[in-house]
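Order of listing sets the numbers, starting from 1, for every ligand and every atom in it.
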Amino acid sequence: MAGKVPDDLLRVSDVDPQTLTELLDLAEGMKQEPLGWERDLRGGAIGCVFEKPSTRTRASLATAAHRLGMTALVLNREDLQLGHGETAGDTARVLSSYLDAITVRTFDHATVEEFADAATVPVVNALSNTHHPCQSLADLLALREHFGALAGLTVAFVGDGTSNTCNSFLAACAASGMHFVIAAPRGYETDEDILGEARELMVQSGGSVSLTTDPVEAVSAAQAVYAEVWVPMDRHDERARRAKDLAAYRVDDALLSHAPREAMAMHCLPAVRGQEISSEVLDGPRSLVWQQAANRLPTAQALLHTLITTDRRRTT
Ligand code: CP
């Protein structure tokens, strides 16, 4: 890789724009030839330390490891001493002596940082409350496959502008020279630091970010309209309030009728059908959602291969 590969991937901004592009290129190659990289890491192992439920992230990481000749240990919090008082740092230090990489799905982003600080192997953020970089890789790949190029595309993110998916995809689009419009109601605005980081990247890439409370305005020039679940996994007590606050931000045929004809709908899944996205859109011809989900596998494979082979070169 010509770009600088980071030790860990905790947030999208850990990778420079060139490395991001090269990860997508490698993922495309791996999609064409899934077992073509089976030998480099044969006999290795990754850990999937998961403190929250997961379908796509866990299954794609485990399958990616398998396709790279490695095994994957799924380590749920309650089955680990981590769930019974051992620190994240001590867990990371010990797991580093068995594993070639540690993937972590957790609540507080500081936990994945604690893993990375103590681990001597690459750590991958498999979702924290503020970042979801693995999802963004798959999303970029789906957009690039569909539109042919990323620079200059406009994405409208409609709904909760504070979500981890929004934060990470904003950074990914910023690095790729895209225009990002966030339509969120008051009280759901994206963090100023996240916006500031994106704007800095956009000075180099030529992208832009803009904010509105109006979903129709947001989608009016968008090639992609991104919906995200309204109630995060650990916020079920906010279900009623969020459903009320975000009711005008559903991605459905009515909203897409205000977007350009080529606009595609995106969602990271799992979806609450009929809430943040309609079934007609999710299952319809303008859905990029299933391609995003499928792309979790080759992008996970590219990420693991890149981080682990780079780490091995650095430590030998
Ligand atoms: N999109 C995503 O991260 O899905 P899972 O929660 O099923 O892993």
Inset, instruction - Between R105 and ligand 1, find which residue part has any heavy-atom pair under 4.0 Å and reply side chain, backbone, both or neither. - result: side chain

Legend entry - ligand 1 contact on L269 by region, counting heavy-atom pairs under 4.0 Å: backbone

Could you tell me, atom by atom, which parts of ligand 1 come under 4.0 Å of a heavy atom of [X]?
| X | result |
| --- | --- |
| T57 | 2 (C), 3 (O), 5 (P), 8 (O) |
| R296 | 1 (N), 2 (C), 3 (O) |
| C268 | 1 (N) |

Legend entry - Sub-4.0 Å heavy-atom contact, H132 with ligand 1: yes

Have [X] and [Y] got a donor and an acceptor in their side chains that come within less than 3.5 Å?
| X | Y | value |
| --- | --- | --- |
| S168 | R11 | no |
| H267 | E276 | yes |
| T165 | Q135 | no |

Inset, instruction - Please assess D234 against F107 for the test side chain to side chain contact (heavy atoms under 4.5 Å, CB included), listing each intermediate value before the final yes or no. - result: CA-CA 8 Å; D234 55 336; F107 295 87; 3.6 Å; yes

Inset, instruction - Any chance you could lay out the salt bridge (Lys or Arg N to Asp or Glu O under 4.0 Å) test for D40 and R312, step after step, and finish with the verdict? - result: CA-CA 11 Å; D40 300 348; R312 285 187 180 179; over 6 Å; no

Legend entry - L288 versus L143, closest heavy-atom pair with distance: CD2-CD2, 3.9 Å

Legend entry - Residue, atom name and distance, where the atom is the protein heavy atom closest to atom 4 (O) of ligand 1: R56 NE, 2.9 Å

Legend entry - Nearest-neighbour protein heavy atom for atom 7 (O) of ligand 1, which is reported as residue plus atom name and distance: T55 N, 2.7 Å

Legend entry - Whether F169 and F180 hold their rings parallel, tilted or perpendicular, with breakpoints at 30° and 60°: perpendicular

Legend entry - Polar proximity ligand 1 side, P53 side, N/O cut 3.5 Å exclusive: no

